[in-house]
Amino acid sequence: MFLGELANRYGFFGKQRDVFLSRFDENNANKKRKALAEYLWKNEEIINQEQNFQDHLTAVCDVLSRNGCPIVKPTGRGQPRKGDSLWEQAFKWLWEKQFPEWLQKQRSNDSSVGATALIAAAMDWRRQFRSLIDIKTEGFVGRKYVFDKIEDFLSNKPNGYFTLEGDPGMGKSTILAEYVRRHECVAHFNDRLGSINRTSQFLESVCTQLIAKYRLPYSELPPDANQNNTFLGKLLSEVSEQLKPGERLVIVVDALDEVDPDSQENSKNILYLPRYLPKNVYFVMSRRRGVDLLFVVDTPKYLFDLMAEEYADLSLQDVRAYIRQHVNEHERLRQWIEGSGLTVEDFITQLADKSENNFMYLRCVLVEIEDGIYQDASIESLPQGLEAYYENHWQLMGMTTDPPPLTKLRIVYILSETLSPIPYEDIVEIIKHTGEQEAEFTVQYVLNKWKQFLHKLDRYEQIFYRLYHDSYRRFLNRKDIVEKAGITIKGIKTLMADSLWQDLYGDG
């Protein structure tokens, strides 16, 4: 909202507007110009995208400079020091000076936007999800048949719930992330591994986003707004009433199966989703197959099975397109294909078959091929399917040896059992409490070797880690895997708790 209003104020439109909104988004602060350009224009044929991006960015900075931004052009030759480039100076001015003034102005002059705290809460949720969206949609291809089905439902039903269903790794979250990226709709991504999986969080997130996006006349949430769906239902009705002909409200909700059932009354719909919806109000959601969830509504609904036989060929086409794109972009992968005596088409066909149309499998295996894990392996020897891949990687990393590598096992299970992203330093300290003499080296080794399973976050000048996908946590918690590892989940949790206690209170 803040950047959008500034773009309007300064007259940014077209590609210049896209560059402004992309470069000055807080979530993109550490991203390279080339990556942003490729992300913005990945479906457009633009010669020298990076230079095109830079030209527009220079023009944007000139406009900001003429409107009060104290930009000082760097002197000397070569690249400016970090923080000295034109856009970095403008970035600091926008967020440290303009943004606080904007918030205060909204609060004093326009009560319909709500109080500063409420606006900030809405923006915080959007920022959290923006990072996930960027990660999930990187390299996105295809799924036109899914988006067509969503549009068909929205166009032909007065309101309702559209739900994607599939097994882990089939791309449910990625599809919804791409939908949000395209339409900038209200969204909430449940994430058990990121500790965003409580019903109260969903209600707070969606309600604050609705108030901020549609400028509803509330300065704060009612005390019980995150305890039932009464206030949510009220907001949905108010938005419905202000929609113009042809407009609709779409709320995206990912991973219903990851919601903590103990965070709400068990006799109510999951997330307290309303039984009735106002006109032109829709929810587009996802869930894992085979999970029982209470969801009873008296409004149109549609369950889209990503694994249905009728979509198998279309899904295979997307899998092939994803592999082809990866091959085109990575030289080491092409070298492996050539060294294996394969044509690119043979490789695409055989790896697609190995993947069983599972994108999580492809994300992991393609990275490992590039990193040389399968340097001496043939494509025939690659694991078949996601579960087999997890088991194969587990063995390749030496986790089934006798005696078992306890330190490495502990590190992996710490990452699995932590309730929120954990800093690198905290993992090291926990491992040091076990008496490991080379804790830093071993932790970094495991983080490197398991990178395809991890989500790396840069927060508060620290690097945090968490598992990328909950399916891997379920694999680690399989009884046979735990027993062969020679550890217990309870023992890992006790180790983490003891380390925290010792850090807080010492040995006494």
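Heavy atoms only: backbone and side chains are in, while hydrogens, waters and symmetry mates are out. Computed from a prediction, not measured in an experiment: that's the story for all the values here.
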Any carboxylate oxygen within less than 4.0 angstrom of a Lys/Arg side-chain nitrogen, looking at [X] and [Y]?
{"X": "Arg182", "Y": "Glu178", "value": "yes"}
{"X": "Arg33", "Y": "Glu50", "value": "yes"}
{"X": "Lys144", "Y": "Glu151", "value": "no"}

Using 30° and 60° as the class limits, which term best fits the ring planes of [X] and [Y]: parallel, tilted or perpendicular?
{"X": "His326", "Y": "His330", "value": "parallel"}
{"X": "Phe304", "Y": "Tyr311", "value": "parallel"}
{"X": "Phe147", "Y": "Tyr179", "value": "parallel"}
{"X": "Phe20", "Y": "Phe12", "value": "tilted"}

Closest non-hydrogen contact found for Thr199 with Ser263 is N-OG, 3.1 Å
Between Arg275 and Thr299, is a side chain to side chain contact (heavy atoms under 4.5 Å, CB included) present by the stated rule, with each step listed? CA-CA 7 Å; Arg275 187 165 185 167; Thr299 193; over 6 Å; no
If you draw the axis of the six-membered ring of Phe295, does the NZ or CZ of Arg287 fall within 45° of it and under 6.0 Å from the ring centre? no
Pi-cation contact, Tyr39 with Arg181 (under 6.0 Å, within 45°): yes
Do Val19 and Gln54 come within less than 4.5 Å of each other through their side chains, counting heavy atoms only? no
